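Predicted model only: the values in this text are computed from it and were never measured. Numbers for residues simply follow the sequence, beginning at 1.
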Amino acid sequence: MRSAVRSAIRTAGGDPGDLILLATHRLGHKSLGHDVVGGTAPAVERWLPPAGWRADERTVRLGSGPELWAEASTAVLSWGVKTRSGFAVDPPLAPGRAAQAGERSWLVARIGPVRLREPVQVVDIVVTDRRVALAYGTLDGHPVAGEEAFVVRRDDDGTVHLTLRSLTRAGRGPWRALFPAVLVAQKLYRRRYLRSLA
């Protein structure tokens, strides 16, 4: 379908590169749903969460070795923690491409026959020889307000760890009444995140 539309644009003398998908267009009009951009501080070792948020930090050991480090780093930067936990990213990243700060996406969760689309923006990317991270913030319309970061770090002995940090508050509108149920789902997904790179 997409290729047919691009072909029609080209035939009419237009530039198919100017085509913007409706889902992407809608993302561009959403505001960040939280006021602590960068609050998960993925670049720092010791995290001091901002006051007034439900803060959670968990770390698991993944193993050791340069191959594991490279694989885990690539996965974190390409939404692998989310996609290996049952989410899809829309629009998807091209193979081999890492997410970029400022990019907006829909994280799509399947709950039975229902697809829940969560609008997010990448708020920070960290890439060093010892630490790689992706942090994203929620946009208006997300079930919660807040931020989440996935961090992989490599110790001096080559041991690789995955850390999950999150800041959460109730979302706006109808999601506010469902916040207790959303917190239960969040706990289940956090378990999946921590196992996603094992």
Within the structure provided, determine whether [X] and [Y] are in side-chain contact (heavy-atom separation under 4.5 Å).
| X | Y | answer |
| --- | --- | --- |
| D140 | P119 | no |
| V89 | W106 | no |
| L162 | L164 | no |
| T74 | E71 | no |
| V120 | H142 | yes |

**Prompt:** Going by the side-chain hydrogen bond (donor to acceptor under 3.5 Å, both in side chains) test, which pairs reach into residues 46-56, not counting sequence neighbours?
**Reply:**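 As it turns out, the side-chain hydrogen bond (donor to acceptor under 3.5 Å, both in side chains) pairs with a partner in residues 46-56, which skip direct neighbours, are D56-R58.
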Can a salt bridge be assigned to the pair [X] and [Y] using a cut-off of 4.0 Å between side-chain N and carboxylate O?
| X | Y | value |
| --- | --- | --- |
| R153 | E45 | yes |
| E103 | R97 | yes |
| R130 | D155 | no |

Establish whether [X] and [Y] are linked, either directly or via other cluster members, by ILVMFWY side-chain heavy-atom contacts under 4.5 Å.
| X | Y | answer |
| --- | --- | --- |
| V160 | L134 | yes |
| W79 | V151 | no |
| L107 | L116 | no |
| V81 | V108 | no |

So, for [X] and [Y], which heavy atoms are closest and what is the spacing to 0.1 Å?
| X | Y | result |
| --- | --- | --- |
| V123 | G137 | CG1-N, 3.8 Å |
| L93 | A98 | CD1-C, 4.0 Å |
| A51 | R169 | O-NH2, 4.4 Å |
| L77 | A133 | CD2-O, 3.7 Å |
| E118 | P143 | CG-CD, 3.8 Å |
| G38 | E147 | N-OE1, 2.9 Å |

**Prompt:** Does a side chain donor of either Y136 or E148 reach within less than 3.5 Å of an acceptor in the other side chain?
**Reply:**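 Judged by distance alone, the side chains do pair up.
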**Prompt:** If we ignore angles and hydrogens, is there a donor and acceptor under 3.5 Å between the side chains of R190 and S166?
**Reply:**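 Note: R190 and S166 side chains meet the donor-acceptor criterion.
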**Message:** Please determine whether side chain to side chain contact (heavy atoms under 4.5 Å, CB included) holds for the pair L139 and R104, giving the CA-CA distance in whole Å, both sets of side-chain angles, and the decisive distance to 0.1 Å.
**Reply:** CA-CA 9 Å; L139 297 171; R104 292 180 168 203; 3.7 Å; yes
**Request:** If the plane angle is over 60° it's perpendicular, under 30° parallel, otherwise tilted; pick one for F87 and Y193.
**Result:**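 Judged by the thresholds at 30° and 60°, the geometry between F87 and Y193 is tilted.
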**Prompt:** What distance separates L68 CG from T159 OG1, expressed to the nearest 0.5 Å?
**Reply:**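 Answer for the CG-OG1 pair, L68 versus T159, is 9.5 Å.
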Between [X] and [Y], is there a donor-acceptor pair closer than 3.5 Å when you use the side chain of the first and the backbone of the second?
| X | Y | answer |
| --- | --- | --- |
| S64 | G158 | no |
| R154 | D129 | yes |
| R131 | V44 | yes |

**Request:** Let me know which of I125, V126, V132, V76 forms a side-chain contact (heavy atoms from CB on, under 4.5 Å) with P42.
**Result:**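 The residue from I125, V126, V132, V76 that satisfies side-chain contact (heavy atoms from CB on, under 4.5 Å) with P42 turns out to be V126.
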**Request:** Report the C-alpha separation of L183 and Q186 in whole Å, then their side-chain angles, then the decisive distance to 0.1 Å, and conclude whether the side chain to side chain contact (heavy atoms under 4.5 Å, CB included) test is met.
**Result:** CA-CA 5 Å; L183 289 176; Q186 197 176 53; 3.5 Å; yes
